[in-house]
2 protein chains.
Amino acid sequence: MDRIFHALADATRRDIVARTLRDEHSVSALARLYPMSFAAVQKHVAVLQGAELVTKRRRGREQLVSGNVDTISKAAHVLDQLETLWRGRIDRIGEILADKAT
Amino acid sequence: MDRIFHALADATRRDIVARTLRDEHSVSALARLYPMSFAAVQKHVAVLQGAELVTKRRRGREQLVSGNVDTISKAAHVLDQLETLWRGRIDRIGEILADKAT
DNA sequence: AAGACGTACAACCATACAGTTGTAGATTAT
DNA sequence: ATAATCTACAACTGTATGGTTGTACGTCTT
């Protein structure tokens, strides 16, 4: 969970996730979108991949990046749990606290 | 948004948010919960406060920390937008991409 | 008044992070 | 075969992060 939130704590990476949730993009296609070097974008993709927010598949010489909505959902679930906690619906706080350790 | 996700990218801080969403806790009460110095916990609270995930109010010599569910909701909304994007329900991608810049 | 408690903040250290440039390996195109 | 494209990775730089200890100050308690 640390890695997921950390990966999302960067506007460029959130943008990459958003775009690759819609369509596959090669790394270099993504790199053209941002005012930074190819290597920098490549690192951002690696961070997202490490958090399982995107996956890559090879097509010829390029790597196609696509967003992984399941991981987004996992993160959303953690936030939902926090909201639920606030509403006081949960009495077994331990359950959620244990989950958060994920 | 960067600050919110960054603040959530740490298990100790997520734990503090969870606890303070339920009840107010003084900084030193929180500090007793974790295997680190008071100053370290104080810094975590400062990060959360900077992200507006918690607020502090004074009571005598102590500062009571309480979680801010609105900010959690804002973060959850961003994730929801990403999920929605994936489901292809949105044709105006620009709208969401602009929002993400937040 | 003195001491204990709660907090704030500075200084310091080690590590991690975001960016750069440069080099090298595959794959496609001419 | 050569050249262009796409990717991977290493090395380096500056800055941010998470932790520590130490000092100082306001607020209770006795």
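Reminder, nothing fancy here: chain letters follow the sequence lines and each chain counts from 1.
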Give the table of side-chain donor-acceptor pairs shorter than 3.5 Å for residues 40-52 of chain B, with sequence neighbours excluded, one pair per line with atom names and distance.
from, atom 1, to, atom 2, distance (Å)
B/His44, ND1, B/Arg13, NH1, 3.1

Report yes if some heavy atom in the side chain of B/Ile72 is under 4.5 Å from a heavy atom in the side chain of A/Asp80; otherwise report no.
no
Please encode protein proximity along nucleotides 17-30 of chain D as a string of B, S and -, counting only heavy-atom distances under 4.0 Å.
SSBBB-----BB--
Check the distance between D/dT7's P and A/Arg57's CZ and give it to me in whole angstrom.
12 Å
Contacts of type side chain to side chain donor-acceptor pair (under 3.5 Å), residue A/Asn68, not counting sequence neighbours
A/Thr71
List the residues meeting side chain to side chain contact (heavy atoms under 4.5 Å, CB included) with B/Ser26, not counting sequence neighbours, and say none if there are none.
B/Ser28, B/Ala29, B/Glu62, B/Leu64
Value in whole Å for how far the C1' atom of D/dC6 lies from CG of A/Leu64:
11 Å
B/Arg59 atom CZ: more than 12 heavy-atom contacts under 6.0 Å
no
Under the side chain to side chain donor-acceptor pair (under 3.5 Å) rule, collect the residues that match up with A/Glu24, sequence neighbours excluded.
A/Arg57
Gap between atoms CG and P, on A/Leu8 and C/dA18 respectively (whole Å):
13 Å
Under the side chain to side chain donor-acceptor pair (under 3.5 Å) definition, can you give me all pairs with a residue in residues 29-40 of chain B, not counting sequence neighbours?
B/Asp15-B/Tyr34
Measure CZ/B/Arg3 against P/D/dA16 and give the value in whole Å, please.
14 Å
In residues 27-34 of chain A, which ones come under 4.0 Å of DNA chain C, going by heavy atoms?
none
Any side-chain N or O of B/Gln63 below 4.0 angstrom from OP1/OP2 of C/dA8?
yes
Holding to side chain to side chain donor-acceptor pair (under 3.5 Å), I want the full list of residues that pass it with A/Glu83, two or more places apart in sequence or in another chain.
B/Ser73
Rounded to whole Å, CD of A/Gln42 lies from P of D/dA8 at a distance of 5 Å
